[in-house]
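Each chain gets a letter, A, B and so on, in the order its sequence line appears, and its residues count up from 1. Fair warning: this is a prediction, and the values are worked out from it, not measured in the lab.
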Amino acid sequence: MPDKNEAFDVNNIYKEEDRLSKPDYLDTLNEPQRQAVVYGNGPLMIIAGAGSGKTRVLTYRIAHLIENGVDPFRILSLTFTNKASGEMRKRIEGAVGTEARNIWMGTFHSVFAKILRIEARYLGYTSDFSIYDTDDSKSLLRSIIKEYNLDDKVYKANVVYNRISGAKNRLVSADDYINNAVIQADDEAAKMKEIGRIYKTYVTRCFQANAMDFDDLLFNTNVLFRDFPDVLYKYQHKFQHVMVDEFQDTNVSQYLITRKLSAVNRNIVVVGDDAQSIYAFRGANIENILNFEKDFPDVHTIKLEQNYRSTSTIVNAANSVIARNKSQLKKETFTVNEEGSMIDVIKAGSDNEEGRLVATAIFEEKMQKSLKNENFAILYRTNAQSRSFEEALRKLGIKYRIIGGQSFYQRKEIKDLLGYLRFTVNQRDEEAFKRIINLPKRGIGDTTVARITVTAAENNVPIWEVVSNIANYATGRTITQIDQFGTLIKSFMLMLDAGKDAFEVSAHIAKTSGLLRELYEDKTVEGLSRYENVQELLNAIKEFVDSEENEDKTLSAFLQSVSLLTNADEPDENEDNDRVTMMTIHSAKGLEFRNVFIVGLEEDLFPSQMMLESRQDLEEERRLFYVAITRAEQKLSFSYAESRYQWGRLKMCEPSRFLLEVDAKYLNISQSFQREISREGSSSSPMSFVKNLSPRRPTEPRPATAASAHTPTSDFVPSDTHELAEGDKVEHSKFGFGTVVKMDVNGTDRKATVKFDKVGDKTLLLSFAKLRIVK
DNA sequence: CTTGATTATCTTTTT
DNA sequence: GATAATCAAG
């Protein structure tokens, strides 16, 4: 063992011989933290308040285990996001060296996908199984609903998907679902008694397609461990230590897996904070914490209550909010950090102004305190809110990054290429097939596709069987088209058989399929960026193949890894990381920033109207607010807009009730402002709406456009984007959203889609889009 | 049958 | 505002 006093060389931090010579990290911990790190065998529950050094404790604990001779291969560490697991792996690697790579660490979904891939044959799957994302699942459900001739106005794919997903997360199989009187009564009441039948068919179709959806990854792991004790035995003994981060967000399905896995060694550590439980909508169950105490009566509990992250203003403000929740475990979070500055409240007239004000605030704060872009984060409730901030930041030349939302891997062109890759690996993948069969256009339409899928289902053969022997099933022109497609795929499959790696195959497919060429020939701005995106995907595949961490370089391995990367892990843009981060509060969990802006604090937006309607759970929304507040280290700002465009309409907004729930003594606002944002003071009459939009509003001077100068203002109040020229006349045929109107522009007839809204007796013209000449 | 154009629909959060 | 579903024309 190396001498403890040996000089610590930061440059050699990864060298194994240094790992025990570092300053004794146990000294840097407070007492409960230290206990959590060194606690020996047996079940342990750590209740960790926000900013209490939870990640540090987990990291050190794993490092501690390894230093005490536990084989990294025998540690299982489960997190919720790829980001969190990547971060933790990096930090452990910093402490114990490259051994850290051998730890079984990742999200529930990725770890169990890996196990399912190894054990696929037990369940009748092949290890090349596809993973259906939400779009695939919904599309399949739509097909089934159509095939059953059910009314798709009643059976909405979204609703059906959520019902099925909820069932799977409670480990209710299709048969259980159909035989459960309570569920059936529920469905009957909702006039959707066929959901059980749809569920059953859906499961069958997924199985036939050799595909699992997100929930199946957990559901099938449970089935695997239930029905094949040998397999369970293997993993129970393999994993000596099991750790679960964000335990408050696990659902029953996830909890049962971890409980089973740790039943033999009983070394299970769960870390969580009930105040930060924000995934109940996905089946997360706070009761798991109570169940845990029941299932492991000898559990030792440690509370981490000191916040090291934030100023006392921020910690106290957060506490003043969460204290309003009735259901919570007893826990006192406190800090000895300095008081820090008060919380700013920014009031804006519109969502665009909100963007400008926040961007300006960032700009000024950056200058005054000489901060970096990366010190700032903008957090919002819904992804759609990012737009106004993007525009404003761009105008000020501040670089930003958006996490989540329309992720890279959700883009059409990316999913198209992935569709080809998926189908090449797994010819039973029905959704991939539907996506690529007529792409690029080969003259194969919906009718032909439907015929093929129906034929396949009727004869109970895989789709590929029909495609590759199309002559037996069809006649005429379509034969040649389908045949060509089949030959193309076969040539791709041959490359796989020849042992080519993921990159070689993908690059070949991108070229040969004609996808790249089609995008290349598209010279529009969007076309260019699509082309670049595909190139970027190919780069990502190249990186995957070149990375030393990946032993399996097959296309199939790449697809497995990529289908579980959703929101965070875009392929590395340039290494320029000094960017303002924008994301939803959900994706911000576990992160921290010096300055945080919580934006869109308006009633019905945050707290979300939907949440209040569907689940009547204000407390979960409040916990979300708590999570958002506690992301901030030094400085926190709130903002809200008095009006906001929402799917084409302008909506009047009231300040969120959450604003008022923050103890006023932490807010940097005058009393009159405080009165103004309180419910009683705000007016929701239509007239205040008009006032907000009028150019006379002093707070938001609108840039004068040609349109605003020349549109008949008595009837129309223009929005900021217009493409009308001098002398334009506008005539509306009827009111309402997305109406088509005729216009006379300089003597030419034009057609345009415009948006109207009626407020009181006034008709407001909200925006013009797609202005073009008609004949 | 396929294609392009128009219209309807949906917007909470994530793996 | 974006995308899926539907419609009308080739």
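Using a 3.5 Å distance cut-off with no hydrogens or angles, the side chains of A:S137 and A:Y202 do pair a donor with an acceptor. Under the 3.5 Å distance criterion, with hydrogens and angles disregarded, no donor-acceptor pair is assigned to the side chains of A:D351 and A:S388. Side-chain contact check for A:R117 and A:S127: no donor-acceptor pair (N or O, by modelled atom type) lies under 3.5 Å.
A:Y132 places its OH atom 24 Å from the P atom of B:dT14, with the value rounded to the nearest Å. Look at CZ on A:R381: it is 7 Å from P on B:dT13, rounded to the nearest Å. Atom-to-atom, CD1 of A:I482 to P of B:dT2 comes out at 9 Å; the value is rounded to the nearest Å. A:Y161 has its OH atom 13 Å from the C1' atom of B:dT13, to the nearest Å. Atoms CG (A:D133) and P (B:dT15) sit 12 Å apart, rounded to a whole Å. Nucleotide C:dA4 holds its C1' atom 13 Å from the NZ atom of A:K415, rounded to whole Å. Between A:D249 atom CG and B:dT14 atom C1' the separation is 10 Å, expressed in whole Å. Rounded to whole Å, atom P of C:dG1 lies 10 Å from atom CG of A:D351.
One finds a side-chain N or O of A:N383 lying less than 4.0 angstrom from the OP1 or OP2 phosphate oxygen of B:dT14. Side-chain nitrogen and oxygen atoms of A:S587 include at least one within less than 4.0 Å of the OP1 or OP2 phosphate oxygen of B:dT14. For A:K156 and B:dT9, the shortest distance from a side-chain N or O to OP1 or OP2 is not below 4.0 Å. Using a 4.0 Å cut-off, no side-chain N or O of A:N169 falls inside it from OP1 or OP2 of B:dT15.
A:Y279 comes within 4.0 angstrom of the backbone, heavy atoms only, and of no base. Within 4.0 Å (heavy atoms only), A:N438 reaches sugar-phosphate atoms of the nucleic acid but no base atom. Within 4.0 Å (heavy atoms only), A:S110 reaches no atom of the nucleic acid at all. Among the atoms of the strands shown, none is found under 4.0 Å from any heavy atom of A:D215.
Taking only side-chain atoms of A:R282, from C-beta outward, the nucleotide of B:dT13, C:dA5, B:dT15 with the closest atom is B:dT15. The side chain of A:T107 approaches B:dT15 more closely than any other nucleotide in the set B:dT13, C:dA4, B:dT15. Distance from the side chain of A:R142 is smallest for C:dA4 among the nucleotides C:dA4, B:dT15, B:dT13. In this structure, the nucleotide among C:dG1, C:dT6, B:dC10 sitting nearest to the side chain of A:K146 is C:dT6. Checking B:dT3, C:dA4, B:dT13 against every side-chain atom of A:T584, the shortest atom distance belongs to B:dT13.
Each ring pair (Phe, Tyr, Trp, His ring centres under 6.0 Å) pair with one or both residues in residues 601-621 of chain A, not counting sequence neighbours, appears once here: A:F606-A:F625, A:F606-A:F658.
Between A:F129 and A:Y125, the ring planes are perpendicular. Angles over 60° get that label, and only those under 30° would be called parallel. Using the six-membered ring where Trp is involved, A:H586 and A:F281 have ring planes that are perpendicular, over 60° apart on the 30 and 60° scheme.
In this structure, A:F80 forms no aromatic stack with the base of B:dT14, since the conditions of centre separation below 5.5 Å and plane angle below 30° are not both met.
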